[in-house]
Amino acid sequence: MGEAYGFRLQPILDDLGSALLLVAKLSWQRTLKAWLYTPIGVVLIMLACFGVNQLIGLSSVGFPASVACMIVLFFALVALDFVLGEKRTRALIKLIDIPAGWSLRFMSIFFTPSFVLLPLSPSISGKEIGLIVAVFLIGYFVIFSATAYLARGLQLLLGTSKRAMTERAEEMGHELDEIPISERHRQESKDSQTASTSTLGPRLASTQPEQSTSLNTPIGGADEHDPELENPPEPAADIAAPLRAQDPSTIRGTGGPPAHDDIHTREPSPPRAQPRQDPPPLTRAQRWATFINKYLDTLTYLTLMIFVGIPVYYGAGYAMPLHLPLNVLMYFSAMAIPPKYKRFLHPVLVSSGFTILGVWVLALIKGNSLFDGLHDYSTKTKYLQLFDGKHGIRAPGGGDIFSSILDVSIVALALPMFQYRKELMRHFISITFPTLSLGAVSLFLYPLVSHAVGIAPTRALSFSSRSLTLALAMPATANLGGDLNLEAVVAIMSGVMGALIGNTLLKWLRIPEDDYVTRGVTLGANSSAIATAMLLVTDPRAAALSCLSMSLLGTMMVALTSVPPLVKIVAGLAGVN
């Protein structure tokens with residue numbers, strides 16, 4: 001009996017081994033880049049941010065190191081392009097793009113910890129929640145519209161609108177970008193059709209986010225109207241099928257033509273239809289290789305969660321190896337939502353909700369509460385504390401890993417800014433004036449209105465940084481003395497609103513689709529990095545302007561909130577005695 005069972009099992013094991021070898025052969029280069037080159041690059045960028053943070057700490061200004069590094073990298077690339085030339089600069093950018101391009105493609109998942117940790121926020125009355133929602137929604141629509149019309153009006157006044165539309169039309173006609181991040185690596189795109197083999201692990205090497213599997217759609221604002229996302233390529237296209245058998249009637253010998261095969265004397269024969277000969281079906285090993293390639297991301301993180309995360313969590317009590325793959329798998333599942341439903345169910349919100357549920361269930365199995373699980377999910381230990389070498393800190397949780405890598409994404413925004421640096425200079429006034437005006441209005445008007453309708457002072461102050469990206473919103477709100485938990489919610493919800501309905505709002509406001517300047521400025525200044533991630537996929541030129549808008553706004557807000565007399569005025573408007 002045992003021998004018969006082993007005899008039946010041996011072919012299955014052989015086919016499984018053949019399938020794994022085939023997968024390894026197809027994806028080893030991209031996997032090496034995913035698990036080795038990209039993590040090394042991410043750590044190097046974090047080290048640079050840590051060094052800049054140490055320098056900033058010598059002063060009394062609270063400015064995020066990631067934004068400072070982004071600005072430094074942008075101007076460094078501009079200087080190198082001038083000194084070394086385009087060819088050498090592009091070679092350097094190709095190296096930077098390994099970690100930076102990856103962090104941009106997966107930026108959205110790095111925002112999920114702010115929502116996952118919401119249950120830890122202090123309780124708020126139902127009435128105040130209603131007031132907060134009303135101020136947020138009305139303020140968003142009003143300021144969004146004002147920014148759009150101001151940017152559009154400046155272009156019409158300065159005569160740059162028509163030129164921008166012409167440039168956009170030319171870009172759509174022959175899109176040829178200057179740096180690898182937007183070049184989409186045409187050669188690697190061909191390779192990526194074999195399988196979706198890169199995400200936070202294997203998908204790290206993928207440079208064309210549209211070519212991912214249905215479960216592993218790229219992080220970073222994938223537009224629901226992207227045809228490539230709706231019709232992903234077959235992942236196993238490079239698994240070679242056997243060649244078709246030749247028609248015996250067409251085979252000739254090697255000793256010359258037949259004796260009676262004279263083209264002058266032979267009567268023409270009537271054409272006859274060639275019988276259709278389909279290639280043989282794939283073998284079982286090839287079918288399994290196709291499946292593994294297609295779901296390699298999901299299988300990798302599922303394996304890590306089951307065979308590493310669960311034993312470590314319930315054995316040693318360390319949650320990061322379990323919570324991190326759980327969060328990633330929830331995001332993969334959220335990205336599998338059909339595009340028409342993503343208009344209402346943004347993957348950041350959906351994956352955050354299911355991650356909370358998963359953390360709760362895992363904590364209950366261990367005999368802990370949801371709050372214990374969330375404290376394990378985020379121990380408040382990020383890379384800055386780790387590199388500082390302080391004693392007594394807890395090991396980072398899964399949420400801390402994502403929050404740390406978010407700084408790498410902020411630094412990486414320098415790449416699309418550099419790519420479209422000429423457009424940034426050409427439309428400088430159309431970018432800076434609406435952005436700075438929005439900052440001034442937000443800083444003074446939001447606290448005043450919030451206090452007038454009955455919102456608590458600390459929460460009213462949080463609205464001043466509502467439009468900023470999270471990396472800049474937190475230090476600005478801390479300078480003002482606002483509620484950091486509420487700030488995380490309103491800042492990320494602003495980004496989600498832009499990703500969900502930003503294009504629809506611009507259409508209602510009758511902003512031309514070819515006006516990438518207005519689109520970039522409006523979405524960047526009102527919806528920060530999440531909307532920028534969406535534009536990186538749908539409109540890279542607008543994404544560059546969006547980067548500059550949110551950077552200018554955040555820099556100005558952090559600088560203004562670092563001035564004590566100004567902070568006192570804003571606090572008075574919010575009702576702080």
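Just so it is clear, the values below take in all heavy atoms, side chains as well, and ignore hydrogens, waters and symmetry mates.
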**Report entry** With sequence neighbours excluded, residues passing ring-ring contact (aromatic ring centres under 6.0 Å, His included) with F115
**Finding:** none

Side-chain donor-acceptor contacts of residues 314-325 below 3.5 Å, not counting sequence neighbours, with atom names and distances?
| from | atom 1 | to | atom 2 | distance (Å) |
| --- | --- | --- | --- | --- |
| Y314 | OH | L362 | O | 2.9 |
| Y318 | OH | P396 | O | 2.6 |

Query - V408 vs M46 side-chain heavy atoms within contact, under 4.5 Å - result: yes

Query raised in the report: Got a donor-acceptor contact below 3.5 angstrom from the S351 side chain to the A334 backbone?
Result: no

Report summary line: Separation between CG (L545) and CD1 (I431), nearest 0.5 Å, reads 4.5 Å

Report summary line: C49 and A65 have their tightest heavy-atom pair at O-CB, 3.2 Å

Query raised in the report: Which atoms form the tightest heavy-atom contact between P416 and L104, and what is the distance?
Result: CD-CD1, 4.1 Å

**Report entry** Trace of the side chain to side chain contact (heavy atoms under 4.5 Å, CB included) decision for L349 with S352
**Finding:** CA-CA 5 Å; L349 301 179; S352 297; 5.8 Å; no

Query raised in the report: Measuring from F141:CZ to W508:CH2, what's the distance to the nearest 0.5 Å?
Result: 7.5 Å

Requested in this report: With sequence neighbours left out, write down each residue that passes side chain to side chain contact (heavy atoms under 4.5 Å, CB included) with I511, or none if nothing qualifies.
Outcome: A148, R152, L506, L509, D515, T518

Query raised in the report: Does the side chain to side chain contact (heavy atoms under 4.5 Å, CB included) test come out yes or no for S333 and F354, once each step is laid out?
Result: CA-CA 10 Å; S333 301; F354 280 104; over 6 Å; no

Query raised in the report: Would a 4.5 Å heavy-atom cut-off, applied to side chains only, mark L370 and P119 as touching?
Result: yes

Query raised in the report: Looking at side-chain heavy atoms only, is the closest gap between L44 and P99 below 4.5 Å?
Result: no

Report summary line: By side chain to side chain contact (heavy atoms under 4.5 Å, CB included), V133 pairs with (sequence neighbours left out) I129, L137

Report task. Quick one: sort the W102 and F106 rings into parallel, tilted or perpendicular, breaks at 30° and 60°. Result -> tilted

Query - Residues Y140 and S527: side-chain donor-acceptor under 3.5 angstrom - result: yes

Query raised in the report: Does any non-hydrogen side-chain atom of T112 lie less than 4.5 Å from one of T355?
Result: no

Query raised in the report: Which residue pairs satisfy the side-chain hydrogen bond (donor to acceptor under 3.5 Å, both in side chains) criterion with at least one member in residues 396-405, sequence neighbours excluded?
Result: S378-D400, T379-D400

Report summary line: To the nearest 0.5 Å, atom OG of S462 lies from atom CG of L484 at 7.0 Å

Query raised in the report: Counting heavy atoms not belonging to I138, are there more than 12 under 6.0 Å from its CD1?
Result: no

Query raised in the report: Considering residues at least two apart in sequence or located in another chain, which fulfil the side-chain hydrogen bond (donor to acceptor under 3.5 Å, both in side chains) criterion with Y313?
Result: none

Using residues 491-502 as the side-chain source, report each donor-acceptor pair under 3.5 Å to any protein atom, sequence neighbours left out, with the distance given to one decimal.
| from | atom 1 | to | atom 2 | distance (Å) |
| --- | --- | --- | --- | --- |
| S494 | OG | R466 | O | 3.3 |
| S494 | OG | R466 | NH1 | 3.3 |
| S494 | OG | V490 | O | 2.8 |

Query raised in the report: Distance from L552 atom CG to C547 atom SG, nearest 0.5 Å?
Result: 11.0 Å

Requested in this report: Measure across L480 and S464 and return the closest heavy-atom pair with its distance rounded to 0.1 Å.
Outcome: CD1-CB, 3.8 Å

Query raised in the report: To the nearest 0.5 Å, what is the distance between CZ (F418) and CG (L413)?
Result: 15.5 Å

Requested in this report: Quick one: pull up OG1 in T381 and CG in L386 and give me the separation to the nearest 0.5 Å.
Outcome: 6.5 Å

Query - For T303, all residues meeting side chain to side chain contact (heavy atoms under 4.5 Å, CB included), sequence neighbours excluded - result: F307

Query - Test side-chain hydrogen bond (donor to acceptor under 3.5 Å, both in side chains) applied to D372 - qualifying residues, sequence neighbours left out - result: S369

Requested in this report: Would you check, one step at a time, whether the test side chain to side chain contact (heavy atoms under 4.5 Å, CB included) holds for I45 with D407?
Outcome: CA-CA 9 Å; I45 293 177; D407 279 5; over 6 Å; no

**Report entry** Where G520 and L535 come nearest, the two heavy atoms and their spacing
**Finding:** CA-CD1, 4.3 Å

Query raised in the report: Are L461 and D483 close enough, and set up right, to give a side chain to side chain contact (heavy atoms under 4.5 Å, CB included), and what steps lead you there?
Result: CA-CA 7 Å; L461 289 171; D483 187 337; over 6 Å; no

Requested in this report: Indicate the atoms forming the closest heavy-atom contact of H451 with G575, along with that distance.
Outcome: CE1-CA, 3.6 Å

Query raised in the report: For the side chain of S430 and the backbone of A151, is there at least one donor-acceptor N/O pair under 3.5 Å apart?
Result: no

Requested in this report: With sequence neighbours excluded, tell me which residues meet side chain to side chain contact (heavy atoms under 4.5 Å, CB included) with L384.
Outcome: F50, N53

Query raised in the report: Quick one: does E487's side chain have a donor or acceptor within less than 3.5 Å of a partner on A473's backbone?
Result: no

Query raised in the report: Are L73 and I96 side-chain neighbours, meaning at least one heavy-atom pair lies under 4.5 Å?
Result: yes

**Report entry** 4.5 Å side-chain heavy-atom contact, L443 and L566
**Finding:** yes

Report summary line: The complete set of side-chain hydrogen bond (donor to acceptor under 3.5 Å, both in side chains) pairs with one or both residues in residues 433-442, sequence neighbours excluded, reads none

**Report entry** S450 side-chain N/O to Y446 backbone N/O, donor-acceptor pair under 3.5 Å
**Finding:** yes

Report task. Please identify each residue that fulfils side-chain hydrogen bond (donor to acceptor under 3.5 Å, both in side chains) with S465, with sequence neighbours left out. Result -> T477

Query raised in the report: Looking at D388 and K382, does any basic side-chain N land under 4.0 Å from a carboxylate oxygen?
Result: no

Report task. Please examine the side chains of V350 and P347, heavy atoms only from C-beta on, and report whether any two atoms are closer than 4.5 Å. Result -> no

Report summary line: Looking only at heavy atoms, the pair that brings F111 and M107 closest together is CD1-O, 3.4 Å

Query raised in the report: Just wondering, do Y383 and V43 contact through their side chains at under 4.5 Å, heavy atoms?
Result: no

